[in-house]
Amino acid sequence: MKALSDYSLEGFQQQIVAWGFKVSHAKPLLRNYYAGAGTVDWPESRTPRGLRDRVQAECGMMASALAARQVAGDGTVKLLLKLADGRTIESVVMPAYQEDRMAGCLSSQVGCALACDFCATAQNGFARNLSAGEMVEQFLHLRGEAKAIGRRLQTVVFMGMGEPLLNLENVLEAVRRMAGGDMGALGWRQVTVSTVGIVPGIDALAAAELNINLAVSLHAPDDATRAKLVPSGRRFGVGEIMAAADRFQAKNNGRPVSIQYCLLQGVNDSPEQARQLAALLAGRRMHVNLLHYNPTGVSLTGRTYEPSPPEAAETFMRELRARRVVAHFRRPRGRDIDAACGQLRRRAASE
Ligand code: SF4
């Protein structure tokens, strides 16, 4: 059975016309479904009785179900969602700086094939791409979580399980449904796609001209260090990735690209590496988010990574700022739950 999340507006219009109903009923119904975080208020949607019966007979509301839920002391909520084929994915919603808002983090694949050495998701390998509907459902689950505590889901970032640019077609379709005014109405600028640096994907994302944000997970300023952490770095060098980010930025009205940098003790957190990063960013209007590492145990290559000590992280930040790089620490979230992406799924699988 198809779920309402599986439909684009055009697809749903065609479907209800095929059922013998007016095309004009499609948009209010889907808007109501998105506003209701995956449920329909039938009277409010003004759906004719016959169409309502048909939709209820032929469509599910959601294909995914909540398999586990963790709530951290800081208000971060991590969901483990079970998909129709029994596989599981993680989605997270975090309180934003403004008291009435939340920020969501979505997965784009079941697992991931890129084998980044410090990543919990990588340790279970890759299963499959998510459909647009499965990504939309994460958004709706998170929108419901925010609504339940009187907040609004204000932004989403594709930074959960998977590399979104290796599932670009479905990611773009999900973004169109979530952000476009016809259905989810989140707003294009409220969406960020985060990549480890898949150069053709960055160019394809730019070509889509959706006016969304790009984040690049760099994690090292040089190819040698990066290739040890992010194996895809052997295919796309730092210079090539930054050039693609420049092209994206130029196409996106100069809107700054954010550079994600996870500080790992003794690996990428030296003052010299901060200076190299600053040199790389000189003349570029990009900002750096310094991420706290949530340890995930022994890595794929048998290493155990640790977060940078606070003094080293502060020094790294100072070196950047001294060279006029805009840099911030991203507030660590959900440290009392399985905060790293992929950890809850691994725990659930081992229980
Ligand atoms: S960090 Fe991202 S791209 Fe790398 S293995 Fe993990 S999920 Fe995949």
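Owing to the predicted nature of the structure, the values given are computational and were not obtained by experimental measurement. Remember, it's 1-based here, ligands and their atoms both numbered in the order they're listed.
- Although no hydrogens or angles enter the test, the distance criterion places no donor-acceptor pair under 3.5 Å between the side chain of Lys82 and the main chain of Ala68.
- The count of protein N, O or S atoms under 2.8 Å from atom 6 (Fe) of ligand 1 stands at 1, with waters excluded from the count.
- At distances below 3.5 Å, at least one donor-acceptor pair connects side-chain atoms of Tyr33 with backbone N or O atoms of Ser5.
- Neither Val157 nor Phe139 shares a network with the other; the hydrophobic side chains, linked directly or stepwise wherever heavy atoms of I, L, V, M, F, W or Y lie under 4.5 Å apart, form separate groups for each.
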Checklist line | Candidate pair Met242 and Ile259, rule side-chain contact (heavy atoms from CB on, under 4.5 Å), full reasoning | finding: CA-CA 10 Å; Met242 296 306 290; Ile259 302 297; 4.1 Å; yes
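- With hydrogens and angles left out, the side-chain atoms of Ser131 and Asn170 include no donor and acceptor closer than 3.5 Å.
- At distances below 3.5 Å, not a single donor-acceptor pair connects side-chain atoms of Asn289 with backbone N or O atoms of Ser258.
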